[in-house]
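First the structure, in the form of structure tokens, and then the observations on it.
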Amino acid sequence: MADKVLMKGNEAIAEAAIMAGCRHYFGYPITPQTEIAAYMAKRMPKIGGVFLQAESEVAAINMVYGVSSTGKRVMTSSSSPGISLKSEGISYMAGADLPALIVNVQRGGPGLGGIQPSQSDYFQATRGSGHGDYHLIVLAPSSVQEMADLTIKGFDLGDKYRMPVMLLADGTMGQMMEPVSFDNVETKEYDKSWAVTGTKCERKHNIINSLYLKPEELEKENFARFERYKEIEANEAMYQEYKMDDAEICVVAFGIAARVAQNAIDAAREEGIKVGMIRPITLWPFPKAPMLAATDKVHTFISVEMSMGQMIEDIKLATECRRPVELCNRVGGMIPTPDEVLDSIRAAAQKGGNK
Amino acid sequence: MKFKRLTLLAGHYGSGKTNIAVNLAFELKKQADRVAIGDLDIVNPYFRTKDSAQGLAEAGVSLICSPYANTNVDIPALPQEMYALTDDQTLHAIVDIGGDDRGALALGRYAPAILEENNYDMWLVVNRYRPLTSNVADTLEVMNEILVASKIPFTGIVNNSNLGADTTEETILSSVAYGQAVAEASGLPLIMTTVQQKFFESLKNKIPDLFPLGLQSRVFDKQ
């Protein structure tokens with residue numbers, strides 16, 4: 001492959017997964033992520049991997065559960081309604097401490113919604129999606145290069161902490177084309193002595209399971225899992241700051257919305273408005289520390305999102321409600337324009353943090 | 001540039017067919033009175049000819065495309081007006097075909113009439129920076145798959161090699177040999193090399209048959 005290639009976001013995810021050692025993909029087609037499956041269908045047979053189009057999303061996620069139990073790297077992908085269908089299986093994987101990369105290329109909702117881009121699965125991704133006490137690590141790329149990089153990172157994090165990881169993109173990120181480099185791919189190997197690979201009568205058998213007959217045992221598992229989550233919150237939060245040094249207004253945006261917001265921030269700066277951005281790269285764990293620190297100099301936060309203010313809750317929790325959080329959003333498959341974001345920034349500058 | 005009545009653009013998905021189709025339609029409009037773009041893409045949900053509807057209307061180019069383009073109706077439907085491409089032989093048209101063999105399937109239903117009239121060009125749009133068409137052998141594989149699906153023989157190659165925002169003069173210059181090699185291996189002429197407008201002046205004396213392309217700016221592109 002040439003040094004750099006031009007790829008759709010969806011293709012970059014698929015190629016990055018292969019480079020991360022994923023040789024098992026199970027999926028079911030849904031717009032706007034079908035290129036992931038199409039790419040896997042073309043590439044996997046050539047490299048001794050498995051591409052399987054399952055009969056449904058429910059089947060696909062349970063195939064992922066099976067392969068992950070054997071310690072192999074495995075992935076599935078879908079878009080919003082399909083992730084809802086997979087959520088039972090994702091909960092089972094969390095309960096059985098199984099790693100996997102689950103890709104959600106979001107589209108408008110709720111319900112069947114539409115095929116245009118959206119970020120309205122924020123709650124679903126960051127609050128678990130299925131039943132029970134659990135978290136997913138949620139990665140939110142903002143360029144095709146990050147689609148690739150975070151796919152690889154996602155496999156590593158999943159193996160490191162033995163848990164499912166979600167790559168949360170949106171339709172535009174999946175469909176857009178940008179240059180991407182795979183030159184610096186580094187992936188790690190983790191101990192998987194827990195996997196069911198055959199005992200050869202040399203060790204006690206491993207059990208992969210999320211059912212516990214005694215409530216005391218289930219409670220113990222939950223407590224242990226949340227100790228790990230604490231470690232992840234302390235060590236794995238990722239974010240990027242943009243023009244925050246002297247900012248008095250802080251835009252919080254991720255994914256495609258962050259790209260639009262950046263154009264608006266550049267325009268606002270030309271008008272002399274001191275505005276910057278904190279772009280969460282992990283949505284769980286949410287990058288709380290930089291937001292709390294920003295409250296010392298920032299009078300207003302603006303959540304720019306393609307959902308109905310879902311991220312505001314996390315910003316308020318992170319900032320301990322010290323500053324007002326405004327909302328600038330479009331939903332249902334619409335993307336905010338830089339002018340709309342600029343208007344929100346101007347309004348915040350005028351109010352100056354006064355309610 | 002000399003156009004046949006129908007200019008069909010096919011290729012690997014993401015090779016740049018739609019943008020070239022829009023730009024060629026403007027060029028064709030300089031030479032012919034009644035010009036249309038036929039959007040046969042039944043695969044791609046985003047980034048379609050419909051995005052250029054305003055510019056095309058202003059230029060007097062009619063756009064024949066699915067009434068559901070850019071909506072949430074995710075079905076591979078084509079309008080009956082599409083038959084004008086073959087039935088109305090006073091019309092000149094650029095036809096944007098969906099990517100790969102899956103996208104080219106839709107062309108098959110118009111193939112008998114196109115072949116019978118035999119006043120068409122079918123160009124393969126190639127980009128060596130797309131990973132699945134980065135060499136001659138892989139590109140010819142895609143080309144043959146499209147041929148089987150569309151039933152229409154190709155008549156030329158369009159080299160649209162680029163790296164998006166990272167494209168430099170060197171990116172384009174170093175792709176010329178690839179374009180020529182694809183042409184040679186397929187036995188077809190290299191019709192042109194397409195570049196963003198900003199590279200045209202500096203490269204026009206270095207690359208034969210260079211054609212400048214305008215690009216649509218989108219809200220999420222760095223401005």
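Everything numeric here is computed off the predicted structure, so don't read it as measured data. Every chain is numbered from 1 and lettered A, B, ... according to where its sequence line falls, protein lines coming before strand lines.
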What are the two closest heavy atoms between [X] and [Y], and how far apart are they?
X: B/Asn127; Y: A/Leu6; value: ND2-CD2, 3.5 Å
X: B/Ala165; Y: A/Pro179; value: N-CD, 4.4 Å
X: B/Asn72; Y: A/Gly332; value: ND2-O, 4.5 Å
X: B/Tyr46; Y: A/Ile115; value: OH-O, 2.5 Å

**OP:** Answer yes or no: is there a donor N or O on one side and an acceptor on the other, between the side chain of A/Asn263 and the main chain of B/Asp221, under 3.5 Å?
**Re:**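 Checking the backbone N and O of B/Asp221 against the side chain of A/Asn263, a donor-acceptor pair under 3.5 Å is found.
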
**OP:** Look at the side chain of B/Tyr129 and the backbone N and O of A/Met7, then say whether any donor-acceptor pair between them is shorter than 3.5 Å.
**Re:**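 Side chain of B/Tyr129 to backbone of A/Met7, a donor-acceptor pair under 3.5 Å: no, none is there.
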
**OP:** Determine, step by step, whether B/Arg130 and A/Met177 satisfy the side-chain contact (heavy atoms from CB on, under 4.5 Å) criterion, reporting the C-alpha distance in whole Å, the side-chain angles of both residues, the deciding distance to 0.1 Å, and the verdict.
**Re:** CA-CA 10 Å; B/Arg130 296 280 292 135; A/Met177 296 184 70; 3.4 Å; yes

Residue [X] versus chain B: region with a heavy atom under 4.5 Å:
X: A/Thr34; answer: neither
X: A/Glu178; answer: neither
X: A/Pro117; answer: both
X: A/Glu11; answer: side chain
X: A/Ala267; answer: neither

Structural part of [X] lying under 4.5 Å from a heavy atom of chain A:
X: B/Asn44; result: side chain
X: B/Phe47; result: side chain
X: B/Thr71; result: backbone

Original post:
Nearest 0.5 Å, what's the OG1-CZ distance between A/Thr172 and B/Arg218?
Top reply: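 Here the rounded value is 9.0 Å.
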
**OP:** Determine which residues belonging to residues 94-109 of chain B lie within contact range of chain A, meaning some heavy atom pair is under 4.5 Å apart, and list them by number or answer 'none'.
**Re:**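 The list, in residue order, reads B/Arg102.
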
**OP:** Assess whether atom CD of B/Gln197 is packed by more than 12 heavy atoms of other residues, nucleotides or ligands within 6.0 Å.
**Re:**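 Yes - once you tally the heavy atoms of other residues, nucleotides and ligands closer than 6.0 Å, there are more than 12.
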
Original post:
For B/Tyr120, does the OH atom sit with more than 12 other heavy atoms under 6.0 Å from it, leaving out its own atoms?
Top reply: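 Yes, the 6.0 Å shell around OH holds more than 12 heavy atoms from other groups.
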
Original post:
Should B/Tyr13 and A/Glu35 be marked as a side-chain contact (heavy atoms from CB on, under 4.5 Å) after you check the CA-CA gap, both sets of side-chain angles, and the distance that decides it?
Top reply: CA-CA 10 Å; B/Tyr13 74 82; A/Glu35 291 84 1; 3.6 Å; yes

**OP:** With A/Lys4 as reference, evaluate B/Thr167, B/Asp166, B/Thr171 under the side chain to side chain contact (heavy atoms under 4.5 Å, CB included) test and give the passing residue.
**Re:**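 Single pass found, and it is B/Asp166.
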
Original post:
Highest number of heavy-atom pairs under 4.5 Å with chain B: which of A/Gly333, A/Gly171, A/Pro336, A/Pro32?
Top reply: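 Looking at each option in turn, the highest pair count goes to A/Gly171.
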
